[in-house]
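Keep in mind it's a predicted model, so treat the numbers as computed, not measured.
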Amino acid sequence: MALKDIRNCLSGAASAASGKVKAVGGTVAERAAGASVVVAERAKEGAQMAAEAQAEARKKKYAPVFREEYLAPDYDLPNMIVIEDEDKRKGIDVCEGAIGWLTRANGMEILHLYHEFVDESGLVFHPLPQMDAAYLLDVSGSGRFVNLECLFAETQKEKMAELQNVAYCLGAKYCRLETYESLEEESVVRRKGKVSARKMGAVSASATGEVECGGTSLEERRMLFERDFSGSDKPVRPQLSWFKSSKEVNGLIDMRCSDSFDNEIREYTVEIDCRSVATLSHARATAIDAALKGLKISLGLSLKEESSRESRQKMSFYIKFQ
């Protein structure tokens with residue numbers, strides 16, 4: 001083979017080898033670039049998942065409630081609501097656009113509703129919606145939420161109104177409602193106001209109506225109302241709410257509305273144990289007190305004490321038809 005031919009052959013081989021090296025190098029570079037893209041995408045996905053997990057954790061922490069969630073037909077509305085200022089959650093990203101938030105305290109779920117959403121909520125707050133006030137769903141079934149500070153006073157008014165309506169519907173000429181409360185005392189007791197007291201032992205009363213009693217038992221009576229009517233011989237069976245399970249009240253209604261015999265009832269006294277028409281059970285009142293304490297909400301009264309006081313009371317309902 002001529003020298004020229006050898007040189008040409010060697011040159012061609014070198015060119016081919018160089019091409020192969022370039023080809024191999026290009027493949028490695030492309031693979032490396034592709035791997036970098038995959039790593040970047042995976043890192044981006046990981047960061048996005050971490051951000052979503054963090055946002056989800058913050059949602060669980062702050063538990064915001066949004067309008068579409070609240071307005072859904074299957075929304076489970078808690079029995080207790082606290083009306084809040086929207087500024088309390090201002091600047092918290094997961095709470096943007098919310099109408100309030102949920103908390104759990106002492107086993108109870110509580111909705112913290114922004115005052116700005118009260119009108120749109122469709123709920124009735126009695127007596128008025130008030131900032132920082134706690135409300136409980138009316139146990140009588142009216143559907144309204146009652147301010148806990150006046151819960152016992154409001155339910156007392158409802159019970160009085162219901163018994164007055166019973167007297168009116170049954171055609172009474174006169175009715176009277178009294179309450180009496182048994183108080184257990186171990187020291188001298190002083191009570192002011194227009195009361196009558198009965199106890200075993202010494203009793204002294206001043207001209208101002210102050211009653212002083214030693215001993216361990218005191219009974220205090222108080223007139224809640226008395227009414228006069230023209231009377232009617234055409235009784236109408238009244239609708240009951242608080243007293244719908246009261247045997248005494250239902251027995252009175254049955255006797256007055258019965259047309260099976262002519263032995264008409266002329267007057268009747270119903271003794272009602274207030275525990276049978278309790279506003280709140282002792283256990284529930286205690287639980288609500290503990291829940292409010294955990295939320296740092298002050299009522300200015302103890303529901304547990306109010307429940308205990310109510311459980312010591314009895315009602316005496318006198319009604320006259322002729």
Side-chain angles (χ1 to χ4, degrees), residues 138-141 146 150-170 172 174-187 189-203 205 209-228 238-256 265-286 288 301-321:
D138 191 353
V139 294
S140 69
V146 182
C150 59
L151 177 65
F152 282 85
E154 288 299 318
T155 54
Q156 179 78 311
K157 291 177 184 177
E158 290 176 2
K159 294 169 189 176
M160 290 166 56
E162 188 166 318
L163 289 176
Q164 287 185 60
N165 186 60
V166 167
Y168 176 79
C169 290
L170 296 183
Y174 172 81
C175 69
R176 177 180 70 242
L177 179 65
E178 293 178 301
T179 62
Y180 54 97
E181 178 179 349
S182 298
L183 305 174
E184 297 297 327
E185 299 290 344
E186 294 181 355
S187 60
V189 178
R190 286 183 172 85
R191 290 189 173 272
K192 294 183 178 181
K194 188 177 181 181
V195 299
S196 61
R198 299 184 303 182
K199 65 173 289 294
M200 298 301 295
V203 178
E210 183 179 286
V211 179
E212 298 182 7
C213 307
T216 60
S217 179
L218 173 72
E219 184 180 276
E220 182 183 24
R221 302 185 74 90
R222 184 160 63 97
M223 175 81 73
L224 295 183
F225 69 76
E226 57 180 338
R227 297 288 183 269
D228 289 292
Q239 293 292 322
L240 298 179
S241 178
W242 282 103
F243 299 97
K244 62 184 176 183
S245 299
S246 171
K247 293 181 180 179
E248 296 84 0
V249 175
N250 279 285
L252 167 64
I253 294 171
D254 290 341
M255 282 190 289
R256 180 61 177 169
I265 183 172
R266 294 183 177 181
E267 56 183 319
Y268 195 81
T269 300
V270 179
E271 299 290 335
I272 303 168
D273 189 329
C274 289
R275 289 174 297 183
S276 66
V277 287
T279 302
L280 288 176
S281 69
H282 191 73
R284 183 160 173 76
T286 303
I288 294 174
L301 55 83
S302 166
L303 296 176
K304 176 183 175 181
E305 291 178 3
E306 291 292 310
S307 175
S308 296
R309 184 188 62 81
E310 184 183 61
S311 69
R312 295 192 300 266
Q313 291 182 338
K314 290 181 173 59
M315 292 182 180
S316 178
F317 182 48
Y318 172 74
I319 185 167
K320 186 175 182 180
F321 297 100

Sequence-distant partners of [X], side chain to side chain contact (heavy atoms under 4.5 Å, CB included), two or more places apart:
X: S311; value: R275
X: E305; value: S302
X: A285; value: L280, L303, S307
X: E306; value: F152, L301, R309

Drop me the distance from [X]'s [atom1] to [Y]'s [atom2], to the nearest 0.5 angstrom.
X: K157; Y: C150; atom1: NZ; atom2: SG; result: 7.5 Å
X: R222; Y: E178; atom1: CZ; atom2: CD; result: 11.0 Å
X: F243; Y: L163; atom1: CZ; atom2: CG; result: 4.0 Å
X: T269; Y: K320; atom1: OG1; atom2: NZ; result: 11.5 Å
X: S281; Y: E310; atom1: OG; atom2: CD; result: 10.5 Å
X: K244; Y: E162; atom1: NZ; atom2: CD; result: 9.5 Å

*Keeping the roles fixed (side chain from K159, backbone from V277), state whether a donor-acceptor pair exists under 3.5 Å.*
yes
_Is it the case that the side chain of Q164 and the backbone of R227 share a donor-acceptor pair, with hydrogens and angles ignored and the cut-off at 3.5 Å?_
no
*asked:* If you count heavy atoms of other groups shown closer than 6.0 angstrom to NZ of K304, is the number above 12?
replied: no
*Y268 atom OH: more than 12 heavy-atom contacts under 6.0 Å*: yes
How far apart are the closest heavy atoms of [X] and [Y], and which atoms are they?
X: F225; Y: M160; result: CE2-O, 3.6 Å
X: F317; Y: A167; result: CZ-CB, 4.1 Å
X: L224; Y: Q156; result: CD1-NE2, 3.9 Å

_Using side-chain heavy atoms (C-beta onward) and a distance below 4.5 Å, is Y168 in contact with C175?_
no
_Restricting to side-chain hydrogen bond (donor to acceptor under 3.5 Å, both in side chains), what partner residues turn up for S246, sequence neighbours left out?_
E248
*Under the side-chain hydrogen bond (donor to acceptor under 3.5 Å, both in side chains) test, residues paired with Q239 that sit two or more places apart*: none
*Apply side-chain contact (heavy atoms from CB on, under 4.5 Å) to the pair V166 and L240, showing each step before the final yes or no.*
CA-CA 8 Å; V166 167; L240 298 179; 3.7 Å; yes
*Side chains of S241 and E158: donor-acceptor distance under 3.5 Å anywhere?*
no
